[in-house]
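Both counts, for ligands and for their atoms, begin at 1 and track the order of listing. Numbering of residues begins at 1 and proceeds along the displayed sequence. What you see is a predicted model, and the numbers here were worked out from it, not measured in a lab.
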Amino acid sequence: MQLNIKDTFSRELPSDSVEENTRRKVFEATHSYVSPRLPKKPQLIHASKEMVNAIGLDKDAINSNDFLEVFSGSKVYPKTKPYAMAYAGHQFGNWAGQLGDGRAINLFEVVHNQKRWALQLKGSGETPYSRQGDGLAVLRSSVREYLCSEAMYHLGVPTTRALSLMFSGDDVLRDMLYDGNSDYEKGAIVSRVAPTFIRFGNFELFAARNDKNNLKKLTDYTIKYFYPEIGKPSKETYIKFFKAVSERTLEMIVHWQRVGFVHGVMNTDNMSILGLTIDYGPYGWLEGFDFGWTPNTTDRQNKRYRFGNQPNIGLWNLLQLANSLYLLVEEAEPFEAILNDYKTNFEIKSLQMMRSKLGFEIEDENDAKLIANLEDCLILSETDMTIFFRVLANYKKGEGGKGLEIIMEAFYKPEEIKDLISEKWKVWFKTYDQRLTKEVLVDNQRLSKMNLVNPKYVLRNYMAQLAIDKADKGDNTLINELFELLKKPYDEQPKHQEWFAKRPEWARSKVGCSMLSCSS
Ligand code: AMP
Ligand code: MG
């Protein structure tokens with residue numbers, strides 16, 4: 001297995017001088033060298049051919065012993081030195097101090113077709129940053145990360161990617177429901193891929209310690225490799241850098257809102273400096289449209305990371321990054337201006353995004369009102385977000401009266417759609433129909449365009465759970481099927497029609513199918 005190794009992070013940035021794998025506070029270093037734990041009996045569950053090619057391997061490499069050994073952590077690739085990154089973060093709005101890769105180990109960076117990829121194993125043992133954890137990951141959370149990150153990529157949402165999913169062969173003790181009932185589960189390892197895994201929290205770590213020297217090194221490194229267009233290190237460059245990160249973060253969150261993805265744990269240590277969706281934990285997909293929904297049981301009380309609050313949290317997290325970069329700039333106004341732009345731009349981009357979901361090409365001054373009215377209607381009776389927007393594309397101009405019939409399959413309780421509720425929907429369809437008369441596209445053209453922004457298939461929690469249950473019994477067929485299905489989320493795929501369905505009733509309150517804990 002030949003890879004074009006080009007390590008930069010660990011070579012150009014300061015490393016921890018201690019090389020013992022003991023849990024500790026690490027100062028003045030961006031990373032600590034650590035070896036992955038030897039898995040007992042690694043076994044490949046799935047590998048992404050696309051990512052295998054992206055890192056410069058032939059698809060046959062997937063079945064080689066080298067591949068199994070390197071991406072399960074059994075063997076370190078020649079002339080590389082795995083490490084865990086140091087970072088800090090704000091968790092649920094509170095400063096949490098040093099965190100770091102507690103169960104991720106970076107293997108190396110490769111360059112292929114002029115693209116840089118950092119590869120890391122998630123779940124391959126403890127590191128100096130493991131705190132109370134064991135550094136391991138279980139099958140259920142690994143399948144969820146593996147399938148979802150690739151699904152998000154194919155939905156057009158900026159995200160980290162996944163190369164492979166393996167059983168480690170080890171048993172891992174977890175209290176899944178946090179109710180005092182621990183049990184052994186199958187251990188698994190995902191190899192994840194991204195240009196870099198640097199997070200807001202990497203900057204916060206140095207800023208909190210007033211370590212300007214290392215903050216500058218990290219920032220200069222990030223700009224040099226990942227924002228090279230911005231320019232040479234200077235105060236002005238740092239401001240431009242913050243602006244670029246802010247724009248990418250906004251872009252990512254608008255995509256989340258478009259597809260109904262709820263991250264679930266938007267702590268600053270889970271915010272990629274590249275604006276990629278990172279750290280798939282207790283995430284979820286909106287089934288019934290609901291701004292107040294969060295999939296994370298740990299956040300059940302405050303719902304800080306609920307669907308409708310994601311844009312605000314993006315802003316809050318950017319403010320924490322601004323506070324860190326302030327140390328290099330020593331002027332607050334430029335940061336404030338960028339944060340204000342985020343708010344304005346969010347309104348603009350969000351409106352554009354909703355217009356596209358509704359099939360509008362031109363802008364009309366009443367669109368914001370029409371969208372707000374739609375959102376009101378969507379929450380009158382539980383309405384499946386994905387199905388609603390997908391079937392709305394079938395609406396034909398001038399058929400206002402048929403609107404409700406067309407979207408009927410999106411309702412979880414169609415029997416509730418009567419009286420006031422059905423009246424409200426009829427009024428909405430009337431305005432929608434009038435609005436469509438201002439558009440030039442004919443019905444078929446509008447349908448095609450809407451189907452490019454409104455996915456037909458998303459990884460509903462119950463789908464992932466079914467795949468997990470089968471894999472736990474040694475049957476990987478559903479992982480394979482969902483992986484293929486989610487490569488083309490906007491296509492009709494009639495043979496997969498069974499997945500274009502509302503969450504079944506049995507899944508409403510089943511563990512893993514609606515809300516999830518952080519236990520993983
Ligand atoms: P998360 O909420 O999953 O992003 O995790 C927050 C922090 O806890 C990160 O620094 C993780 O590396 C660490 N962490 C989570 N689970 C474990 C585990 N099982 N073992 C060690 N560290 C963990
Ligand atoms: Mg994390």
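Ion pairing between a basic and an acidic side chain is recognised when a charged N comes within 4.0 Å of a carboxylate O; Arg11 and Glu109 show no such pairing. Ion pairing of Asp66 with Lys75 is present here, as a side-chain N (NZ or NE/NH1/NH2) and a carboxylate O approach within less than 4.0 Å.
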Inset, instruction - Let me see the working for Asp220 and Lys216 under salt bridge (charged side-chain N to carboxylate O under 4.0 Å, His left out), right down to the final yes or no. - result: CA-CA 6 Å; Asp220 292 346; Lys216 182 170 169 9; 2.7 Å; yes

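Each of Tyr87, Gln91, Leu99, Gly100, Asp101, Gly102, Arg103, Ser130, Arg131, Gly133, Asp134, Gly135, Leu136, Arg174, Asp269, Asn270, Asp279 has a non-hydrogen atom positioned under 4.0 Å from some atom of ligand 1.
Remark: the Ser350 side chain and the Gln257 side chain contain no N/O donor-acceptor pair separated by less than 3.5 Å. Side chain to side chain, Asn296 and Thr294 fail the donor-acceptor criterion of an N or O pair below 3.5 Å. Between the side chains of Asn267 and Tyr305, at least one donor N or O sits under 3.5 Å from an acceptor N or O.
Minimum heavy-atom separation, Ser164 to Ser191: OG-OG, 2.7 Å.
Ordered by chain and number, Asn270 OD1, Asp279 OD2 make up the set of protein N, O or S atoms under 2.8 Å of the Mg ion (ligand 2).
In summary, of the residues considered (Arg460, Lys502, Arg503), a salt bridge (charged side-chain N to carboxylate O under 4.0 Å, His left out) with Asp384 occurs for Arg460 alone.
Between Tyr221 and Tyr225, a ring centre-to-centre spacing shorter than 6.0 Å is recorded.
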